[in-house]
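Just so you know, ligand 1 is whichever comes first in the structure, and atom 1 is the first atom listed for that ligand. Source: prediction; values computed, not measured.
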Amino acid sequence: MKKFEGICAALLTPYDCAGKVNHKVLKKQVRWLIDQGIDGFYVCGSTGEAFLLSQDERKAILETVCEANNGEKLVIAHVGQISTEHALDLGRHAKSAGADAISSISPFYYKFSTEEIQQYYFDLMNGVEMPFFIYNFPAFSGFSLSPEILDKMCQCKYVAGVKFTASDFFQLERMKHAHPELTIWNGYDEMLLSGLSAGADGGIGSTYNVLCPTIRKVYDAFRAGDSTEALRHQHIANDMITLICKFGVFASIKTILGFEGMDFGPCRKPFGAISEEEKEMLKKGYDAYLKHR
Ligand code: MN9
């Protein structure tokens, strides 16, 4: 059984010039990341433009990732939807497609009550019956998973952990301390070392798509007990992440992957496109990063 820990890339969705999902580029990206030392993949999450994709597109993307991965690394399928029924449909598909775990953001937009959100999670976990990671991302979802709510959720045996995309490391520490058997994934890449220091078991991130070798060093140095070395590499990563955040995270990462010979196309509208000037700045920054890393 694979261990739920390490560095996982939150995969982006590549499109061809007609705007259709480009499965060839997706496969190439998966193999490229495996060669770079990635531990796993988070599929169709925020970074993968989950809510700009159809149900069928999400299923097809997961199938392609599982096929390219060939059972080698972790595959976590994000199956979150506003509707329990749609999430269940994606969850059952993920299980049959061979994912190692599923994960979901809390249902959003309608400001569901905490009870409704908990019920959504219980229905999903008990309906699919496989390891589950609660995706906690209060800045986007409007719902913040507290240590107390996590305690309640842990009544369900399928809770395998939390994808913690927040910067309240006190909360993270409390969750891990109360549930040492759970896997806590740090969600903000620029704060990976902070999350690891508070007890996280690994990280899931968008920028790991282009910064894997550096992030690997942050993680490995921390695990080896060398925080100074880990911080040195976090600084190198953060110089790049600062630039990536300037022009739109996903479009910037796609642009950089273009420099590596993988044409991801733009993000789906209403996401905006990267200008030529921004592209040049990303190229300069990425070249400097490659020399430096
Ligand atoms: O998957 C990502 N979250 C979002 C996690 O994109 C919403 C992060 O990797 C961030 O993109 C990254 C930059 O802020 O930390």
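- Not a single donor-acceptor pair under 3.5 Å links the side chain of Gln29 to the backbone N or O of Met262.
- Atoms of ligand 1 found under 4.0 Å from any heavy atom of Gly205, numbered from 1 in the order shown, are 9 (O).
- Checked by distance only, ligand 1 and Thr207 stay at 3.5 Å or farther apart across all their nitrogen or oxygen atoms.
- Residue Ile244 does not touch ligand 1, judged by heavy-atom distances below 4.0 Å.
- Put simply, the side chain of Tyr289 does not reach to within 4.5 Å of the side chain of Asp239, judged on heavy atoms.
- For ligand 1, the atoms lying closer than 4.0 Å to a non-hydrogen atom of Thr47 are 1 (O), 6 (O).
- Ligand 1 has a nitrogen or oxygen under 3.5 angstrom from a nitrogen or oxygen of Glu190.
- Side-chain atoms of Gln118 do not come within 3.5 Å of backbone N or O of Ile149 as any donor-acceptor pair.
- For the pair Asp189 and ligand 1, the shortest N or O to N or O distance falls below 3.5 Å.
- The part of Phe250 lying near ligand 1 is the side chain, judged by heavy-atom distances below 4.0 Å.
- The ring of Tyr42 has its center no closer than 6.0 angstrom to the ring center of Phe133.
- Checking side-chain atoms of Asn186 against main-chain N and O of Leu193 turns up no donor-acceptor pair under 3.5 Å.
- Remark: minimum distance from atom 10 (C) of ligand 1 to any protein heavy atom is reached at Ser206 OG, 3.5 Å.
- Side-chain rings of Phe51 and Phe108 approach one another, their centers coming within less than 6.0 Å.
- For ligand 1 and Val249, the ligand atoms under 4.0 Å from any heavy atom of the residue are 11 (O).
- With ligand atoms numbered from 1 in the order given, ligand 1 contributes 7 (C) to contacts under 4.0 Å with heavy atoms of Phe137.
- Scanning the protein heavy atoms around atom 5 (C) of ligand 1, the nearest turns out to be Gly187 O, 3.3 Å.
- Figure legend: Lys73 and Phe41 shown without cation-pi pairing, the cationic atom not lying both under 6.0 angstrom from the six-membered ring centre and within 45 degrees of its axis.
- In summary, the atoms of ligand 1 found under 4.0 Å from a heavy atom of Tyr188, numbered by their order in the structure, are 15 (O).
- Residue Lys163 has at least one nitrogen or oxygen atom sitting less than 3.5 Å from a nitrogen or oxygen atom of ligand 1, judged on distance alone.
- Residue pairs meeting the ring-ring contact (aromatic ring centres under 6.0 Å, His included) criterion with at least one member in residues 165-184: none, sequence neighbours excluded.
- Within the 4.5 Å cutoff, the side chain of Cys156 has no heavy atoms near those of the Phe132 side chain.
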